[in-house]
Novice: 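First, the structure itself, so that you have it in front of you.
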Amino acid sequence: MLELKFPDGALRQYADKITPLEIAAAISPSLAKRVVAAKIAGQLWDLTRPIEGATEPQNFELINRDSPDGLEIIRHDTAHVMAQAIQELYPDTQITIGPNIEDGFFYDFARTEKFSTDDFEKIEKRMKEIVDRDLPITREEWTRDVAIKHFNEIGEKYKASIIEEIIPEGETLTIYKQGDVWKDLCRGPHMPSTGRLGKAFKLMKLAGAYWRGDAKNAQLQRIYGTAWADEKGLQEYLLRLEEAERRDHRKLGRQLDLFHMQEEGKGMVFWHPKGWVLYRILENYIRRMVEKSGYGEVKTPQILDRSLWEASGHWEKFGHAMFTCETEEGEHLAVKPMNCPGHVQIFNQGQKSYRDLPLRMAEMGCCHRFEPSGSLHGIMRVRNFTQDDGHIFCRDDQIFDETKAFCETLAQVYADLDVELHSIKLALRPEIRLGSDETWDYTEKTLKAAAEATGVEVELLPGEGAFYGPKLEFHVKDAIGRTWQCGTLQLDPSTPDRLGAHYTAEDGSKQVPVMLHRAILGTFERFLGIMIENYAGHFPLWLAPVQVVVANITSESEAYASEVVAKLKAVGIRAEIDTRNEKINYKVREHSLGKIPVIAVVGAREATEQKVALRRLGSQEQTILTLDEALLVLVAEGTPPDLR
RNA sequence: GCCGACAUAGCUCAGCUGGUAGAGCUCCCGAUUUGUAAUCGGAUGGUCGCGGGUUCGAUUCCUGCUGUCGGCACCA
């Protein structure tokens with residue numbers, strides 16, 4: 001006998017080897033149709049897989065198709081159906097891997113001939129046929145060696161190689177068969193048959209992807225798809241994508257006249273007046289934060305002699321990404337890709353004592369890097385960018401406090417800018433590295449503890465640190481759901497040493513300081529891109545390039561409109577005037593689309609009473625205030641958060 | 001850099017199987033003096049990304065390049 005405990009707490013008894021599907025059917029036939037899998041003692045279980053061997057009552061749950069677990073199963077089943085469809089249509093195709101991702105799945109295929117997005121229609125049609133065939137999906141347990149032999153025999157070299165790699169010798173694995181022929185290595189679970197899948201799926205995009213994620217390996221063809229519990233879910237998802245597109249910073253950048261980019265300067269931003277206002281407000285804000293945190297701001301040369309880059313190690317490690325030039329006199333120069341060597345030069349001026357540490361240096365450092373053309377993306381990934389960079393020269397025992405203080409400032413800045421952290425990651429020691437294991441133990445532990453001391457969770461990235469030290473990464477999401485690394489703190493004992501930085505310790509000995517590279521925003525370009533998408537162009541008053549547009553109703557109130565604008569400007573509000581010969585409806589519409597936070601309408605009434613009618617973006621409400629009241633309100637609201 | 005797609009007026013987009021291009025908005029001109037998301041009329045605007053090729057003829061087909069978009073790899 002089996003005893004199962006249902007989510008509602010009910011305890012029920014069943015015959016041994018009963019399947020979840022039989023249990024569901026016994027409860028109600030409609031339930032049996034709705035479910036896609038079961039969960040037994042926390043483990044997902046195929047509906048048709050007998051439950052056995054349980055001596056104690058097990059938690060039992062049926063998974064509905066629209067639950068998070070259910071969607072996972074639908075998506076993975078869809079990936080399998082897609083793979084089968086493709087192999088039926090294109091028999092020379094080998095399957096590799098096909099995991100779920102957020103809102104969907106992908107599957108990587110190896111095939112000499114190229115797929116095209118034009119093939120999608122045909123593939124989707126075949127997938128729907130496979131659903132209509134209602135092929136039974138069955139679970140089988142195979143031994144590792146039999147599986148390897150089988151997949152090799154049928155020409156699935158990649159599959160065989162995956163099994164060789166991930167399944168330990170002597171172990172068994174599970175194979176899911178779809179119909180009589182098609183099979184794939186899979187942990188499962190899957191639905192009992194393809195008919196249960198439904199047809200709320202869509203192939204989304206086609207891309208190249210390297211086998212095992214390594215550019216040295218063969219490039220596979222990856223097809224992305226999405227799948228939902230029903231057609232409504234699919235349509236809602238597609239709508240969500242369209243809405244996200246409207247927030248795209250590249251689109252808003254043009255619409256709001258913030259910046260543009262062009263062929264002759266790819267990966268470089270032309271900031272327009274409005275965009276540059278935004279940039280400078282952010283820059284000034286971050287400058288105040290940095291000053292408050294005890295940094296001295298500096299400015300270092302844009303181009304430096306190659307010998308310095310050789311000394312710092314950048315030439316060797318980073319040379320391929322550096323812009324260089326040669327003078328008529330034969331000097332070899334390189335445009336800086338980073339600010340650190342310049343900062344060490346400043347540190348090296350004069351003699352430094354342990355009393356000077358920690359010494360914090362900041363720079364709005366304009367850098368150039370030759371980024372691969374395929375990696376460029378709007379203003380988020382560019383070749384010319386400005387970092388809110390800073391370097392902290394300190395002793396080992398100061399790393400913890402400095403890191404913690406940095407994390408706290410970063411949290412404050414992100415809160416002020418309404419940017420939500422997606423994750424904090426700690427990149428750990430790589431295979432090839434400098435320094436002793438003890439040093440790595442200490443530095444990794446210290447960074448982790450310091451970040452965690454601010455109450456956040458840190459995700460570990462083994463093997464991804466720089467060769468000289470571990471690195472904290474602060475990631476945020478853009479409108480489309482992609483994550484970008486913005487803030488960072490990187491520990492570097494190597495560069496100060498290479499560039500001859502030292503200080504005199506208490507005991508009179510010369511010591512090399514450790515260097516913390518850190519940036520809160522990362523780069524202005526990327527962070528502004530994120531902010532534009534995040535706010536969807538609707539900036540809070542303190543950030544808005546144009547805060548108020550004063551619009552008159554008729555030319556009669558033109559003089560008063562000018563007076564209002566002059567007064568707004570006098571108290572530091574970024575105001576513009578719109579006295580065009582247009583209806584007020586037209587002006588309101590235009591400035592609303594231009595995402596002006598406040599439209600101040602003035603007509604004959606306002607002019608006589610020395611008032612303004614304020615209309616906020618996103619609201620139809622009108623607030624009538626005296627001009628003096630309006631000035632007070634707007635100045636207060638337009639004050640940066642750190643100055644309030 | 002690699003894979004796929006795309007490139008038409010300032011912007012957003014039409015243009016079937018080859019016969020040198022069209023709309024709406026914007027800009028410009030004129031009329032309209034208007035109370036909270038588009039007033040009316042008129043005019044202007046394109047070597048159809050760039051270079052080759054096929055063809056009597058190419059925006060359309062082929063090809064090379066450049067850029068953009070979506071991924072991969074790389075990275076802030």
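Chain A is the first sequence line, chain B the second, and so forth, proteins listed ahead of strands; every chain is numbered from 1. Owing to the predicted nature of the structure, the values given are computational and were not obtained by experimental measurement. Excluded from the calculations below are hydrogen atoms, water molecules and symmetry mates; all remaining heavy atoms, backbone and side chain alike, are included.
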Novice: Give A:Phe115 one of three labels, base, sugar-phosphate or nothing, depending on what nucleic acid heavy atoms sit under 4.0 Å from its own.
Specialist: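 Sugar-phosphate, no base atom in range.
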Novice: Which whole-number value in Å describes the distance from A:Leu376 CG to B:C72 P?
Specialist: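 So the CG-P distance, A:Leu376 to B:C72, works out to 15 Å.
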Novice: In whole Å, I'd like the distance from the CG atom of A:Leu521 to the C1' atom of B:A76.
Specialist: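 From A:Leu521 CG to B:A76 C1': 11 Å.
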Novice: Expressed in whole Å, how much space separates the C1' atoms belonging to B:U59 and B:G35?
Specialist: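 The same atom, C1', in both gives a distance of 48 Å.
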Novice: Say you pick atom C1' in B:A31 and the same atom in B:A37; how far apart are they, in whole Å?
Specialist: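 Those two atoms are separated by 24 Å.
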Novice: Taking the side chain of A:Leu206 as its heavy atoms from C-beta onward, which of B:A73, B:G70, B:G4 lies nearest to it?
Specialist: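 Of the options given, the side chain of A:Leu206 lies nearest B:G4.
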Novice: Counting the atoms with a prime plus P, OP1 and OP2 as sugar-phosphate, which does A:Lys216 contact under 4.0 Å by heavy atoms, base, sugar-phosphate, or nothing?
Specialist: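 No contact.
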Novice: Just the rounded figure in Å: distance from C1' of B:C72 to CD1 of A:Ile101.
Specialist: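 Checked: the CD1 to C1' distance equals 13 Å.
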Novice: Base, sugar-phosphate, or nothing: which does A:Ala551 touch, judged by heavy atoms less than 4.0 Å apart?
Specialist: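 Result for A:Ala551 = nothing.
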Novice: With a 3.5 Å limit on both atom pairs, tell me what B:C6 is paired to, counting Watson-Crick and G-U wobble, or say none.
Specialist: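 The base-pairing partner of B:C6, which may sit in any strand shown, is B:G67.
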Novice: Any cation-pi pair here, A:Arg75 with A:Phe105, using under 6.0 Å and within 45°?
Specialist: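 No, A:Arg75 and A:Phe105 do not form such a contact.
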Novice: Check every strand shown and say whether A:Ser116 touches a base, only sugar-phosphate, or nothing at a heavy-atom separation below 4.0 Å.
Specialist: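 Here A:Ser116 touches the backbone only, sparing every base.
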Novice: At under 4.0 Å, does any side-chain N or O of A:Tyr586 touch on OP1 or OP2 of B:U26?
Specialist: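 Yes, A:Tyr586 has a side-chain N/O under 4.0 Å of OP1/OP2 on B:U26.
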Novice: With a 6.0 Å cut-off on ring centres, are A:Tyr237 and A:Trp228 close enough?
Specialist: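 So the answer is yes for these two rings.
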Novice: Can you tell me if A:Arg222 touches the phosphate of B:G4, counting only side-chain N or O atoms and a distance under 4.0 Å to OP1 or OP2?
Specialist: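 A:Arg222 to B:G4 OP1/OP2: no side-chain N or O under 4.0 Å.
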Novice: Report which part of the nucleic acid A:Lys251 touches: base, sugar-phosphate, or nothing (heavy-atom distance under 4.0 Å, all strands).
Specialist: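 Result for A:Lys251 = nothing.
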Novice: Write down the partner of B:G1 under the Watson-Crick or G-U wobble criteria, each distance required to be under 3.5 Å.
Specialist: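 Partner of B:G1: B:C72.
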Novice: Please determine if a side-chain N or O atom of A:Arg250 lies less than 4.0 Å away from the OP1 or OP2 oxygen of B:G70.
Specialist: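 So the side chain of A:Arg250 is within the cut-off, an N or O lying under 4.0 Å from OP1 or OP2 of B:G70.
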Novice: Verify the distance criterion only: is there a donor paired with an acceptor across the side chains of A:Ser161 and A:Arg212 at less than 3.5 Å?
Specialist: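 Yes, a side-chain donor-acceptor pair sits under 3.5 Å.
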Novice: Work out how far the C1' atom of B:C75 is from that of B:C16, and round it to whole angstrom.
Specialist: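 Straight-line distance between the two C1' atoms is 45 Å.
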Novice: Decide whether a cation-pi geometry holds between A:Arg381 and A:Trp484; the criteria are a distance under 6.0 Å from NZ or CZ to the six-membered ring centre and an angle within 45° of the ring axis.
Specialist: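 No, A:Arg381 does not lie over the aromatic ring of A:Trp484.
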Novice: NA contact type, A:Glu525, heavy-atom cut-off 4.0 Å: base, sugar-phosphate, or nothing?
Specialist: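 The answer is nothing, as A:Glu525 stays clear of every strand by at least 4.0 Å.
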Novice: Let me know the distance between NZ of A:Lys583 and C1' of B:U36, rounded to the nearest Å.
Specialist: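 Distance, rounded to whole Å: 12 Å.
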Novice: To the nearest Å, how far apart are A:Ile379 CD1 and B:A76 C1'?
Specialist: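 Value for this atom pair: 13 Å.
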Novice: Checking A:His391 against A:His343: is there a side-chain donor and acceptor pair closer than 3.5 Å?
Specialist: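 Yes.
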Novice: Please evaluate the base of B:G71 for a donor-acceptor partner in the side chain of A:Gln221 within a cut-off of under 3.5 Å?
Specialist: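 Check fails, no donor-acceptor contact within cut-off.
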Novice: Considering only atom C1', compute the distance from B:C74 to B:C3 and round it to an integer number of Å.
Specialist: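 To the nearest whole Å, 16 Å.
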Novice: Work out how far the P atom of B:C25 is from that of B:G64, and round it to whole angstrom.
Specialist: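 Their P atoms lie roughly 41 Å apart.
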Novice: In whole angstrom, give the distance that lies between atom NE2 of A:His475 and atom P of B:A76.
Specialist: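 Interatomic distance, NE2 of A:His475 to P of B:A76: 10 Å.
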Novice: Would the base of B:C74 count as contacting A:Arg381 through its side chain, where contact means a donor and an acceptor less than 3.5 Å apart?
Specialist: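 By the distance-only test, yes, there is a pair.
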Novice: Ignoring backbone atoms, test whether A:Thr117 places a side-chain nitrogen or oxygen under 4.0 Å from the OP1 or OP2 oxygen of B:G4.
Specialist: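 It does not, given that no N or O in the side chain of A:Thr117 lies less than 4.0 Å from OP1 or OP2 of B:G4.
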Novice: Classify A:Met261 by what it touches in the nucleic acid, base, sugar-phosphate, or nothing, heavy-atom distance under 4.0 Å.
Specialist: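 No contact.
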Novice: Within the 4.0 Å heavy-atom criterion, would you say A:Leu220 contacts the bases, only the backbone, or no part of the nucleic acid?
Specialist: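 The residue A:Leu220 makes no contact with any strand.
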Novice: Indicate, with a heavy-atom threshold strictly under 4.0 Å, whether A:Tyr224 touches base, sugar-phosphate, or nothing.
Specialist: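 The residue A:Tyr224 makes sugar-phosphate contact but no base contact.
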Novice: Less than 6.0 angstrom from the centroid, inside 45 degrees of the normal: does A:Arg360 satisfy that with respect to the ring of A:Phe393?
Specialist: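 Negative - A:Arg360 is either too far from the ring of A:Phe393 or too far off its axis.
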Novice: Report yes or no: is the cationic atom of A:Arg111 (NZ for Lys, CZ for Arg) under 6.0 Å from the centre of the six-membered ring of A:Phe115, at an angle within 45° of the ring normal?
Specialist: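 Relative to the ring axis of A:Phe115, which defines the angle, A:Arg111 lies inside both limits.
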Novice: Ignoring hydrogens and angles, does a donor from either the side chain of A:Tyr210 or the base of B:G71 sit under 3.5 Å from an acceptor on the other?
Specialist: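 Not at all, since no donor on one side and acceptor on the other fall under 3.5 Å apart.
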Novice: OP1 or OP2 of B:U36 versus the side-chain N and O atoms of A:Asn585: is any pair under 4.0 Å?
Specialist: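 Checking A:Asn585 against B:U36: no side-chain N or O falls below 4.0 Å of OP1 or OP2.
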Novice: Tell me: CZ of A:Arg369 to C1' of B:A76, nearest whole Å?
Specialist: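 These atoms are roughly 6 Å apart.
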Novice: Indicate, with a heavy-atom threshold strictly under 4.0 Å, whether A:Glu558 touches base, sugar-phosphate, or nothing.
Specialist: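 It contacts nothing in the nucleic acid.
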Novice: Given A:Glu363 and A:Thr300, is the side-chain hydrogen bond (donor to acceptor under 3.5 Å, both in side chains) satisfied, shown in steps?
Specialist: CA-CA 8 Å; A:Glu363 177 172 359; A:Thr300 60; 2.9 Å; yes
Novice: Examine B:G10: is either OP1 or OP2 under 4.0 Å from a nitrogen or oxygen in the side chain of A:Arg254? Give yes or no.
Specialist: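 False: A:Arg254 side-chain N/O out of range (4.0 Å or more) of B:G10 OP1/OP2.
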Novice: Within the structure shown, what part of the strands sits under 4.0 Å from A:Gly213 by heavy-atom distance: base, sugar-phosphate, or nothing?
Specialist: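 Contact class for A:Gly213: sugar-phosphate only.
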Novice: Hey, would you say the A:Phe527 and A:Tyr414 ring centroids sit under 6.0 Å apart?
Specialist: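 For A:Phe527 and A:Tyr414, the ring centres are under 6.0 Å apart.
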Novice: B:U54 and B:U60: how far apart are their P atoms, nearest whole angstrom?
Specialist: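 Approximately 15 Å lies between the P atom of B:U54 and that of B:U60.
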Novice: So for A:Arg212 and B:A73, does any side-chain atom that can act as donor or acceptor lie under 3.5 Å from a complementary atom in the base?
Specialist: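 Counting by modelled atom types and ignoring angles, no donor-acceptor contact under 3.5 Å is found here.
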Novice: By the 4.0 Å heavy-atom rule, please label A:Ala209 as base, sugar-phosphate, or nothing.
Specialist: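 The answer is sugar-phosphate, as A:Ala209 gets under 4.0 Å only of primed atoms, P, OP1 or OP2.
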Novice: Contact class for A:Gly208 vs. all strands (heavy atom < 4.0 Å): base, sugar-phosphate, or nothing?
Specialist: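 Base contact.
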Novice: How far does the P atom of B:C69 sit from the matching atom of B:U8, given to the nearest Å?
Specialist: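 Here B:C69 and B:U8 have their P atoms 14 Å from each other.
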Novice: Rounded off to whole Å, could you give me the CG-to-C1' distance for the A:Asp214 and B:A73 pair?
Specialist: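 From A:Asp214 CG to B:A73 C1': 9 Å.
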Novice: Are OP1 or OP2 of B:U33 and a side-chain N or O of A:Arg580 less than 4.0 angstrom apart?
Specialist: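 Answer is no, no contact under 4.0 Å.
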Novice: Below the 4.0 Å mark, does B:C75 have OP1 or OP2 next to a side-chain nitrogen or oxygen of A:His377?
Specialist: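 Result: no.
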Novice: Partner lookup for B:U36, please. Criteria are Watson-Crick or G-U wobble with both distances under 3.5 angstrom; report none if nothing qualifies.
Specialist: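 By the stated definition (distances under 3.5 Å), nothing pairs with B:U36.
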Novice: Counting any heavy atom closer than 4.0 Å, what does A:Gly529 reach on the DNA or RNA strands: base, sugar-phosphate only, or nothing?
Specialist: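 Counting heavy atoms under 4.0 Å across all strands, no contact is made by A:Gly529.
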Novice: Report yes if at least one side-chain N or O of A:Lys587 is closer than 4.0 Å to OP1 or OP2 of B:A38; otherwise report no.
Specialist: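 Negative; the distance criterion is not met.
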